[in-house]
Amino acid sequence: MPEEPIKSDIVAEIRQDPLGAAAKYQRQGLPPRLVRELAEECSETAVALFLAAYPEVPSRIIGKLAMEVDDPEVALAIAANSRTPVTVLQEYARSGAPAVREQIAANRNLSPQVAAILSQDASVDVRLALARNPGLPARIQVELSKDAVPFVRAALLQQPRLEPEVLARLAEDGDLLVRARTLLASKVEPSRLLAWADSDDRFRQVILLLRRNLPDEVMESLCFSQHQAVQTQAIGLRQLSADELLGWTENGDAMVRSLIAARSDVPAEIQELLAGDQDASVRNTLAANPSLDEEVALAMAADTDEGVWQRLAENAGLSPRVLTALAERDNSVVRKMIAARSDLTADLIRMIVAWDSEEILYHLAIQGRVFTELDQERTRRLAQHGLPTFRAFAAASRHLPDELMKKLSVDPAVSVRRSLAVNPALPAGLRQFLSSDPDKTVSSTVARRLEEERRAAQEKQEPPEPTAPEGVIKRLLKKVAVLKGGVASSSGR
């Protein structure tokens, strides 16, 4: 059995740190006799503060301290103590300092009578602390929902259980901030959320869309809002079934159909309907959809609307087959856009080069594309062009004359010399020259190429015939000798 603490030791601890001692003995506990003795024999303020803060102190002692000790810290400790008599709290609620009244307002064991007094307090901080108190009686919730200060009314939304009457009042509050916070409150029943969505109040619906994980029936209601901005946002956020997608495609206005056309989950059958939409904005939106079905894209490439062609040319999800069909449109803008893409196949590059348009070819050349099959006439012409972009494009052609190779090997533009370094017809002498180029990207390109050619040459060499193991040869010779001996014996007979 633990020894009973000595009163003199406890007093020494209290004098050093009254509140710390109260926390310590809250865990360890003190014999009631010692608590009574401390209250009767010690009149020090430190002991009074300890007793006021000690959770197991008798209510009678707290009442005595409230009457006899005039100290702000003691009053605060009394206001926070769950054993403080209601009469003391009522007196403090009427005449205590603002900090004391605020402390009482935050006390979870607040009585309805004291709460009613504090709900009319002149201090906003007191009423704010009261509105946040999780033990606030329902009648006082209603009272504070009428408070003149919006922050006090909004603070009621922190209540773990808010009265339905209060929630309804706050949802209609004259202050937009209070209304918005009410609509975003975490603990709202789905039925009330649905009622707010069905109300067709634009402000309510916009704020509801800011909530996370709205029930499906609420989202469905918002999808049918009379307010277009709400409707389109709700449709964009909601997971729609194939039937719903079809319904909006057939019955929605142009903005809604465009919203459907932009979705990644639209089936090919619905995309086909949207591809024939009468509104150009819907078709343009569909053409830019990275999830566009290949067959639908091919059909759109045959459209007569140049705007659709341009949106297709910008679409990063198009297959080479669709790009080829699109490139066959005789439209310089579309062809430039295709030439500027980074996902071109070798066949598409040949098609672009075959157009023989420097303006379009520039969009291909500016990306640093390597094309070795440029015809001799254009190779010669572009190799002497004023723009380094074109000289670099021509520098990779296997039809580049030797005299132009020499000229381009000292071209001031690094991009030109780098392109020349990968030319398949580059003579050994120029390779050696470029391997010492002052620009490391050029010299390293030549070095890589020489290494690749060396490895390729090694792989082309035929491997030597395998040598049979010595044991196998010996066994074969023995068999031959045996066979010869057998033949000789037969001949002798």
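Each residue takes its place number in the sequence, starting with 1. Computed over heavy atoms, backbone and side chain alike; hydrogens, waters and symmetry mates excluded.
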Sidechain N-carboxylate O distance under 4.0 Å for Arg139, Glu163: no
Indicate whether the side chain of Gln271 and that of Asn289 have a donor and an acceptor atom separated by less than 3.5 Å. no
Pair Ser95, Glu91: side-chain N/O donor-acceptor within cut-off below 3.5 Å: yes
Can you tell me if Glu73 has over 12 outside heavy atoms packed within less than 6.0 Å of its CD? no
What are the two closest non-hydrogen atoms of Ala154 and Val178, and how far apart are they? CB-CG2, 4.2 Å
Shortest non-hydrogen contact from Gly307 toward Asn284: C-OD1, 3.5 Å
Which distance, rounded to the nearest 0.5 Å, do you find between the CZ of Arg238 and the CG of Asp216? 4.0 Å
When you compare the side chains of Thr445 and Arg418, does any donor N or O come within less than 3.5 Å of an acceptor on the partner? no
Output yes when a side-chain donor or acceptor of Arg335 lies under 3.5 Å from a complementary backbone atom of Ala327, and no otherwise. yes
Can you name the closest pair of heavy atoms from Val35 and Pro58 and give their distance? CG1-CD, 4.0 Å
For Arg417 and Asp439, what are the C-alpha separation, side-chain angles and deciding distance, and is it a salt bridge (Lys or Arg N to Asp or Glu O under 4.0 Å)? CA-CA 9 Å; Arg417 305 198 305 274; Asp439 187 272; 5.2 Å; no
Please round to the nearest 0.5 Å and tell me the distance separating atom CG of Asp437 and atom OG of Ser443. 6.5 Å
For Trp309 and Ala301, indicate whether the former's side chain and the latter's backbone hold a donor-acceptor pair under 3.5 Å. yes
Residue Glu359 excluded, over 12 heavy atoms near CD under 6.0 Å: no
Report yes if the side chains of Asn107 and Thr84 come closer than 4.5 Å at any heavy-atom pair, otherwise no. no
Residue pair Glu172 / Arg179, side-chain heavy-atom distance below 4.5 Å: no
Answer yes or no: does atom CG of Asp9 have more than 12 heavy-atom neighbours from other residues, nucleotides or ligands under 6.0 Å? yes
How about Tyr92 and Gln103: does a side-chain donor come under 3.5 Å of a side-chain acceptor? no
Would you call Glu314 and Arg341 a salt bridge, using N to O less than 4.0 angstrom? no
Salt-bridge criterion met for Asp17 and Lys24 (N-O under 4.0 Å): no
Main chain of Tyr54, side chain of Asn81: is a donor-acceptor contact present, judged purely on distance under 3.5 Å? yes
Can any side-chain N or O of Glu244 pair as donor or acceptor with the backbone N or O of Ser241 at less than 3.5 Å? yes
Hey, are the side chains of Lys187 and Leu162 touching, using non-hydrogen atoms and a 4.5 Å cut-off? no
Below 6.0 angstrom between ring centroids: does that apply to Phe390 and Tyr362? yes
Would you call Arg257 and Glu250 a salt bridge, using N to O less than 4.0 angstrom? no
Got Val206 and His227 here, is their nearest side-chain heavy-atom distance under 4.5 Å? no
Which heavy atom of Ala339 sits nearest to which heavy atom of Gln367, and what is that distance? O-NE2, 2.8 Å
Within 6.0 angstrom of Glu272 CD, more than 12 heavy atoms from elsewhere: no
Heavy-atom nearest pair, Ser145 first then Val166, reads CB-CG1, 3.9 Å
Check whether any side-chain heavy atom of Ile104 lies under 4.5 Å from a side-chain heavy atom of Val114, and answer yes or no. yes
Could you check whether any side-chain heavy atom of Met300 comes within less than 4.5 Å of a side-chain heavy atom of Leu292, counting everything from C-beta outward? yes
Hey, could you give me the CD1/CG distance between Ile235 and Leu222, rounded to the nearest 0.5 Å? 10.5 Å
Determine whether Val218 and Arg211 make a side-chain contact, defined as any pair of heavy atoms from C-beta on separated by less than 4.5 Å. no
Rounded to the nearest 0.5 Å, what separates atom CG in Asp121 from atom OG in Ser119? 9.0 Å
Go through the steps for Leu237 and Met219 under the test side chain to side chain contact (heavy atoms under 4.5 Å, CB included), then give the verdict. CA-CA 8 Å; Leu237 292 173; Met219 284 298 299; 3.9 Å; yes
Heavy-atom check, side chain of Val124 versus side chain of Phe151, under 4.5 Å: no
Looking at every heavy atom in both Val416 and Pro388, which two are closest together, and how far apart are they? CG2-O, 3.6 Å
For the pair Asp279 and Ser281, evaluate side-chain hydrogen bond (donor to acceptor under 3.5 Å, both in side chains) and give the outcome as yes or no after the intermediate values. CA-CA 6 Å; Asp279 194 290; Ser281 64; 2.3 Å; yes
Exam field: side chain Glu217 to backbone Leu194, donor-acceptor pair closer than 3.5 Å: no
Using the benzene-type ring in the case of Trp, are the ring centres of Phe203 and Trp196 under 6.0 Å apart? no
Value for CG (Leu130) from CD (Glu143), rounded to nearest 0.5 Å, stands at 10.5 Å
Chi angles and distances behind the side chain to side chain contact (heavy atoms under 4.5 Å, CB included) call for Val333, Glu306: CA-CA 9 Å; Val333 175; Glu306 294 185 9; over 6 Å; no
Ion pair check, Arg153 and Asp173, cut-off under 4.0 Å: yes
Under 6.0 Å from the six-membered ring centre of Phe393 and within 45° of its axis: does the NZ or CZ of Arg369 meet both? no
So that I can tick it off, tell me whether Glu451 and Arg455 are bridged by a salt bridge, with the cut-off set at under 4.0 angstrom between side-chain N and carboxylate O. yes
Does the side chain to side chain contact (heavy atoms under 4.5 Å, CB included) test come out yes or no for Leu240 and Arg263, once each step is laid out? CA-CA 10 Å; Leu240 300 176; Arg263 293 176 67 110; 3.7 Å; yes
Let me see the working for Gln310 and Val334 under side chain to side chain contact (heavy atoms under 4.5 Å, CB included), right down to the final yes or no. CA-CA 6 Å; Gln310 292 178 19; Val334 172; 4.0 Å; yes
Please round to the nearest 0.5 Å and tell me the distance separating atom CG of Asp277 and atom CG of Leu273. 9.0 Å
Determine, step by step, whether Glu13 and Tyr25 satisfy the side-chain hydrogen bond (donor to acceptor under 3.5 Å, both in side chains) criterion, reporting the C-alpha distance in whole Å, the side-chain angles of both residues, the deciding distance to 0.1 Å, and the verdict. CA-CA 11 Å; Glu13 288 184 63; Tyr25 288 106; 2.7 Å; yes
Ion pair check, Arg33 and Glu37, cut-off under 4.0 Å: yes
If we ignore angles and hydrogens, is there a donor and acceptor under 3.5 Å between the side chains of Ser225 and Gln231? no
